[in-house]
Amino acid sequence: MVRISEFQVKDVVSISDGRKLGNIGDIEINLDTGKIEAIVIGGGGKILGFFGKDEDIVIPWSSIVKIGEDVILVRYKESHYIQGQLQEPKQAPDT
C-alpha cells in the first residue's frame with residue numbers, strides 16, 4: 001500500500017519528452033468506486049506566487065505508465081509546447 005504523502009514527494013515526468021511536470025498536489029477520487037481517477041499537479045505561482053497562477057495539470061490515472069521509488073512516469077503532451085518545437089525558425093530577409 002502507498003500513502004498519499006509518499007506520492008507528493010515523487011517527481012512527475014512526461015515520457016514523451018522527459019520533462020519534469022512537477023509534484024502531485026492533489027488527487028481526484030471517484031466516490032462511487034473509491035478509485036483514483038486522476039492526479040493533479042499544481043501550477044506554481046508565476047512570480048513568488050503573485051500575479052496569477054499557472055494552470056493545474058490533470059493527468060488521468062490511465063496515463064500513468066510507472067510509479068517508481070523517486071519518479072512517476074506519465075504519458076502527457078502539452079499541445080502548445082510540442083507545436084512550438086516543430087515550427088521552423090524564421091530566417092532574416094536578405095538585404
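Sequence positions, counted from 1, serve as the residue numbers for this chain. The analysis underlying the following values was restricted to heavy atoms, covering all of them including side chains, and did not include hydrogens, waters or symmetry mates. All values derive from a computational prediction rather than experimental measurement.
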- [ ] Supply the members, apart from V40, of the Ile/Leu/Val/Met/Phe/Trp/Tyr cluster built from side-chain contacts under 4.5 Å; use none for a lone residue.
- [x]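 V58, all in the cluster of V40.
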Find out whether [X] and [Y] are in side-chain contact, i.e. whether some heavy atom of one side chain is under 4.5 Å from a heavy atom of the other.
X   : Y   : answer
F7  : I39 : no
I29 : E37 : no
I36 : E28 : no

TODO: Considering non-hydrogen atoms only, spot the tightest contact between K10 and E69 and give its length.
DONE: NZ-O, 2.9 Å
- [ ] Give the minimum heavy-atom separation between N23 and I41, together with the two atoms involved.
- [x]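 It is O-CG2, 3.5 Å.
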Task: Approximate separation, where rounding is to 0.5 Å, of R75 CZ and I59 CD1 - done: 12.0 Å
Open item on the list: So, taking the atom named OH in Y76 and the one named CD1 in I57, what distance separates them when rounded to the nearest 0.5 Å?
Closed with: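 These two atoms lie 4.0 Å from each other.
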- [ ] Give a yes or no on whether L73 and I27 share a hydrophobic cluster (residues Ile, Leu, Val, Met, Phe, Trp, Tyr; joining criterion: side-chain heavy atoms under 4.5 Å apart).
- [x]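 Different clusters: L73 never reaches I27 through Ile, Leu, Val, Met, Phe, Trp or Tyr contacts under 4.5 Å.
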Task: In one Ile/Leu/Val/Met/Phe/Trp/Tyr side-chain cluster, 4.5 Å: V12, I15 - done: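 The answer is no; the residues belong to distinct hydrophobic clusters.
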Open item on the list: Which residue is it: I24, D11, V13? I am looking for the one with a side-chain contact (heavy atoms from CB on, under 4.5 Å) to I72.
Closed with: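 So, applying the side-chain contact (heavy atoms from CB on, under 4.5 Å) to I72 and each of I24, D11, V13, only I24 qualifies.
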